[in-house]
Each structure stands twice: as structure tokens, then as C-alpha cells.
Amino acid sequence: MRLSQMLFVTLRDDPADAEIPSHKLLLRAGYIRRIGSGIYAYLPLMWRVLQKVSQIVREEMNATGAQECLLPQLQPADLWKESGRWDTYTKAEGIMFSLIDRREQQLGLGPTHEEVITAIARDMIGSYRQLPLHLYQIQTKFRDEIRPRFGLMRGREFIMKDGYSFHADEASLKETYQDMYKAYSNMLRRSGLAFRAVEADSGAIGGSGSTEFMVLAEAGEDEVLYTEDGKYAANVEKAVSLPIDAETSRFTTYEKRDTPGTETIEKVCQLLNCSPTQLVKNVLYQTVYDNGITVLVLVSIRGDQEVNEVKLQNELTKLAAEYGAKTIISLNVPNVEAQQAWTAKSLPLGYIAPDIADEYINANNQIHPKFLRLVDQTAVDLKNFVTGANEAGYHVVGVNWGEQFKLPNAVVDIRKARPGDRAIHNPEQTLFSARGIEAGHIFQLGTKYSQAMGATYTNEQGEEKPLFMGCFGVGVSRLAQAAVEQSYDKDGIIWPVAIAPYHAIVTIPNIKDAQQIEIAQKLYTELNQAGIETLLDDRDERAGVKFKDADLIGIPYRIVTGRAIANGKVEVVERATRNSQEIVIEEVTTTLKQWITAAIQVKN
């Protein structure tokens, strides 16, 4: 492609609405254009990158025996109501675009396709002889993000590969799960990316086990905790660890202490001269289930620890059936305004004890009459600890479970693991932190959707059994931007060779020099004929402008038909290293072919 004929406009300054380097660079280099909030046009250079990423994904999926298909973006609400996720996606998380058509039917734009594919399996799979089966698609998805940001990282419209597998049993599912683990690792490796596979929370997708594939980058929205021995890595939402040991309490007898103005852990510890590891804080949450019932949750946790709200929500979701519900609509620490809806009398905020009375709740049809009391494992073994006294301005010290306060029946792990904690698999290993961009996620769904939607098969004994399912997703457009976030410099993008829009760019410094033009056009033709995807910068621009644009758009190799042609050579510059060398014109195609082949093969 000749640059003079391409839709190619670069910007010298960073766009005002771009926050992270990759977003700024893709806009400046003319790869994408913002159309609306979280909505982008993929321009010719970007589309070539996305096609290359898609092809790598397609090749790895096909190699496992998965079959490509294309599923509808427009999905009937009835399918989502069958699975029980309609309210979760339209109310709780609120990420699904929903609409009503002229027939007064509810529809949604698909953020994911578990319901659609399960309905297909329900209709078309009848016998164990058809299993296992794995279908995948590369498709546009939609999410009504509250705050679209970071360009293609968190947009409202994006390209994704999602696949779904069906099995007769869990053992078969796990085999495919391992195949996908390998295939996803291959996809990222072949795309030239540094990544880490980590344990993850399954979120609204659900299922038993899941793994995220994180592209390592400072601008990553996710925090990954890992050990240096390589035996543990997890998203902070999922991570588990051993906290530092609690200090021995200096209190030996139970007393009520006057502690005015100590609503925070730091203040009470300073006044009482104690460690936060000797304190039990009691955090109040308000959760609303999909049937409208509000449940007040009191979490008792060691004073130096934080509540992991993802883990907490998972625990509360398990209890939904006890309140006649299926899922959670919202979970938060209630502010003063929210408390007014259910408090019978003013709460002693900052001084709440584990046994705060249910009489503080003004129960009605929507408010459950009792506090749900949970205790984190970090607080269970504390002796002679400090906690609130249920009276403003007072704490109690020398407290023990089973003496002053009953230990809640529900002992859970809902603390947030953090860097410096000891690893569970080896307490001599400590956790370190890194930032990551989630590019892929694989799930073992089990029978969650098949049971809810009646997707069954007949086994060898003639028995009807629910299908076991797996779910496997890769963010194609997100992966492309993640590659930029991982590899750039002050002058622009540095694309990995395997997914660069073009392998090389031939730059003519002086468009008025007939010899430069002749050699450039000759090389341009030869390189493309040899399978080396090449741009020709034949624009009537200054050489400096062309060199800056070449650096900005990040093509791996730049060939300059400058002064060296007098000696029968051209200058070849490698974008990643800025190494420059003069190569005999007749050897350029062979040399580049070798370099490109080596660069791609080293990732395979």
C-alpha cells in the first residue's frame, strides 16, 4: 500500500481525552478514531492488526478441534431469564444494552453468549456420541460501561473470541480446559506478548474454576499477586495468602474504655497503644437481592485487614436461596441516607461490636429483620482483642470469643490478600505485585447453564444427564491495544512483528530524486511479492516528517533510499532496537525475510 493513497492522518499532540499511553498512541498514529463514548472506528492500519490477532486465535482454536461459527448479537431476554442472569446483567451489573422491539419483546445486545449457545446445544445435542463438542466465534460484543475509558481497553463495543465446549462429564471438561490453557498461552506468545496466567474469580459468568491471562503492563487495571518461585499467581480478587502474625495483646482482663473521637482504626490504636492486629473491626454492608429483599451484613475482620468485596459478594450469592432470591443486585457500605430506610435508631458508627442488636433494624417487607453476621478467619483466633462497645465513644478490651461475644456461625475467607503476605503453598515465599491487562479468561462452567436451561444428553445407559460446559474468551481488540501498552517508547508504537500491520516501510527521503523513487518502488514490489507486507511512503513530505511518522506507527523495519544508494545500498532501521545498518539493495529482501521469520518463530 502506498501511503499517499491510504487514509492516513497522524496527530502531533496527545488527544485530551486519552489517559494511558496506548490509547494516546493509537489515536495519534491514526489507528482508531473515537465516534462516541466508548465507541471507536478501526481504521485500515488497526484493522490489519486485528485481522492478524484473529488469525492467530483462529489457528490455535482450530488446532484443538474447535469449530468456528457466528452467533447473533441480538438475543431474546427470555433466554437470559431462563438462566437467571437477565436481572444480573440489566440491573445488578447493568452492563447489558437492552431494548424492546416493535412487537413489545425484550431483547439484549450480547456481552456474552452462554445462553444462546446453551439453547443451541439443548436443541441439537441428544446423545453422548456427539460429545465432546467445542464451538467458537470471533464477534462484536457490547457492554454498557458506566465509565468507558482507556480506548479499546474498556469500550462499549469491542471484538472478542468466545468459545463454548460441551461434555459428558467433568473429566472431559478438564481435558478441554487444559487444551485451552495451552492454546491461550500459544496465542499470547505468538502475538509477541509477555503475560502471566493467574487464578481468577469467575464473576457473573460463574462456574467452579477459572484462569485469566494477563498481559503485563503498568497501566493494567488488574493487580496480580504472585510468588517468585512461579508456583502461585492470582488476580487480587481471587488471591489467598497467610497474613502476618497477630501481635500478642497487652490486655489481660475485659474492660470498657472511654475512647472519644476514635472512629478509625488508627485513632483507637494510638489512644489504646495497641496494634491493629489486636483489634476486631465490624464493617456493615447492605446487600439487595433480585427479589427486592435487603439484608444487612456485619463483617468482623482483623483490624489490619481489608474486606475483599468480590469474595464477600460470592459468599452472599451462595446464601441467596435462603432469602428466596437468585442473585445480588447491589452490595455496598450504606451511607447515612441509605441507613434511614431501615434504621430503627441511630447506629454507633465507628464503635459497632460483633453483637450489635437486631433491634437497630426497622424491618418491613423489603428489609430482613436480622443482621447476617460473618467473621473472617483472621479474627477467629484472636485472644484478648479490642473491639467496639456498641456505644459512641467507647471500646472494650480484653475480649474473647465465647466469653463476651458469641463467635458467628459463618466463618469465611473474605480478606484481601496483599503484597508481602506469605504464600499458602510455601510460607517462606512472599507475594509480589504486578499490574496486568486481562486479555483472556477461561472458565469451567460445569452444569450451571445446562441445568438452568434444560440442556441434556442421553448417556450410554440411556439416562438423561445435564451437559458439562466450558467457556473460553479472548479480547481481540483489547489484546491489540495491550500489545501497544506493553511496547512503546517516546516516539511511538513498537509492534511485535507477528501482529504489526505491515512488516516494513520503504521511505523515500526526497520525492524529487528519480533514483530514490526508482529503487524504492523496485524494493516495494519485490518485498510484497516475497510475502513481506510493505508500505511505501511516497508522500510529498520532508524526510523528518516521514521518519517521525514511521516511528509513531511502529512498523518493525524501515528501509530508507537515501545517500547510501550511491554505494548500491539502503539504510535499514529496526524499530524495536533502533539498530541501523546499510544493506546491499539486492540482499534486502532475503535479509528481511530471515529477520521476520526468526522474529516470528522465536515466539512459537
Side-chain angles (χ1 to χ4, degrees), residues 32 34-42 47 50-51 53-54 57-58 61 66-125 133-148 152-166 203-207 290 326-327 329 441 443 445 448-450 452-455 467 469-479:
I32 59 176
R34 184 179 181 273
I35 303 302
S37 177
I39 304 169
Y40 290 86
Y42 309 121
W47 186 239
L50 295 174
Q51 286 179 311
V53 173
S54 296
V57 169
R58 185 172 280 117
M61 293 301 296
Q67 303 171 58
E68 187 171 5
C69 61
L70 189 64
L71 303 173
Q73 297 170 331
L74 202 58
Q75 304 183 22
D78 289 346
L79 289 179
W80 287 74
K81 290 175 180 177
E82 281 187 54
S83 71
R85 291 204 303 173
W86 180 256
D87 285 343
T88 302
Y89 271 74
T90 58
K91 295 179 183 178
E93 295 192 20
I95 61 173
M96 181 185 280
F97 286 99
S98 58
L99 62 144
I100 296 177
D101 66 14
R102 65 179 64 195
R103 297 175 182 81
E104 299 298 317
Q105 300 296 308
Q106 282 185 310
L107 300 162
L109 288 178
T112 185
H113 279 74
E114 282 81 9
E115 283 76 7
V116 168
I117 202 72
T118 304
I120 291 170
R122 176 175 62 193
D123 293 343
M124 299 188 71
I125 296 176
L133 177 69
H134 190 171
L135 301 173
Y136 77 96
Q137 63 170 343
I138 298 175
Q139 170 72 287
T140 300
K141 303 279 190 169
F142 303 90
R143 290 173 64 100
D144 191 6
E145 294 284 354
I146 294 175
R147 188 187 172 198
L152 308 184
M153 293 291 193
R154 189 160 291 282
R156 297 199 296 164
E157 178 179 311
F158 54 96
I159 298 174
M160 182 177 174
K161 188 289 297 185
D162 53 328
Y164 306 92
S165 62
F166 299 91
I205 301 295
D290 59 349
K326 292 182 179 179
T327 189
I329 297 295
H441 203 157
F443 302 83
L445 298 178
K448 173 180 176 176
Y449 295 92
S450 57
M453 298 181 67
L467 290 161
M469 290 178 59
C471 172
F472 316 100
V474 170
V476 172
S477 48
R478 173 179 277 219
L479 188 153

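If you're wondering where the values come from, they're calculated on a predicted model, not measured in any experiment.
At a threshold of 4.0 Å, the pair Asp162-Lys141 counts as salt-bridged, since one of the basic side-chain nitrogens sits closer than that to a carboxylate oxygen. Under the 4.0 Å criterion applied to side-chain N and carboxylate O atoms, Arg85 and Glu114 are assigned as salt-bridge partners.
Aromatic pair His134/Tyr136: centroids not less than 6.0 angstrom apart.
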Q.
side chain to side chain contact (heavy atoms under 4.5 Å, CB included) for Met453 and Glu115? Distances and angles first, verdict last.
A. CA-CA 8 Å; Met453 298 181 67; Glu115 283 76 7; 4.1 Å; yes
Q | side chain to side chain contact (heavy atoms under 4.5 Å, CB included) evaluation trace for Leu99 with Leu74 | A | CA-CA 10 Å; Leu99 62 144; Leu74 202 58; 4.2 Å; yes
Q: Apply side chain to side chain contact (heavy atoms under 4.5 Å, CB included) to the pair Ile120 and Leu71, showing each step before the final yes or no.
A: CA-CA 10 Å; Ile120 291 170; Leu71 303 173; 3.7 Å; yes
Q: Check the pair Tyr42, Ser477 against side chain to side chain contact (heavy atoms under 4.5 Å, CB included), reporting the backbone distance first and the verdict last.
A: CA-CA 9 Å; Tyr42 309 121; Ser477 48; 3.9 Å; yes
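A pairwise comparison of heavy atoms in Ala452 and Ser83 identifies CB-CA, 4.0 Å as the closest pair. For the pair Leu135 and Cys69, the tightest heavy-atom approach, listed with the atom from each and the gap, is CB-SG, 4.1 Å. Contact detail for Phe142 and Glu157: the closest heavy-atom pair is CE2-OE1, 3.5 Å. The shortest heavy-atom contact between Gly108 and Met96 is CA-SD, 3.9 Å.
Ile159 is listed as a side-chain neighbour of Ile138, based on a closest heavy-atom distance under 4.5 Å. The side-chain heavy atoms of Trp86 and Ser98, taken from C-beta on, include a pair separated by under 4.5 Å. Annotation: side chain of Thr140 is in contact with side chain of Gln73 (closest heavy-atom distance under 4.5 Å). The shortest side-chain heavy-atom distance between Tyr164 and Cys471 falls under the 4.5 Å cut-off. Counting heavy atoms from C-beta on, the side chains of Arg478 and Arg154 come closer than 4.5 Å.
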Enumerate donor-acceptor pairs with a distance under 3.5 Å from any side-chain N or O in residues 75-82 to protein atoms, sequence neighbours excluded.
from: Gln75; atom 1: OE1; to: Trp80; atom 2: NE1; distance (Å): 2.7
from: Gln75; atom 1: NE2; to: Thr112; atom 2: O; distance (Å): 3.1
from: Gln75; atom 1: NE2; to: His113; atom 2: NE2; distance (Å): 3.2
from: Lys81; atom 1: NZ; to: Gln106; atom 2: OE1; distance (Å): 2.6
from: Glu82; atom 1: OE1; to: Arg122; atom 2: NH1; distance (Å): 2.6

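The ring-ring contact (aromatic ring centres under 6.0 Å, His included) check on Phe166 picks up nothing, with sequence neighbours excluded.
Within 6.0 Å of atom CG in Leu70, more than 12 heavy atoms from other residues, nucleotides or ligands are found, so the atom counts as buried in its surroundings.
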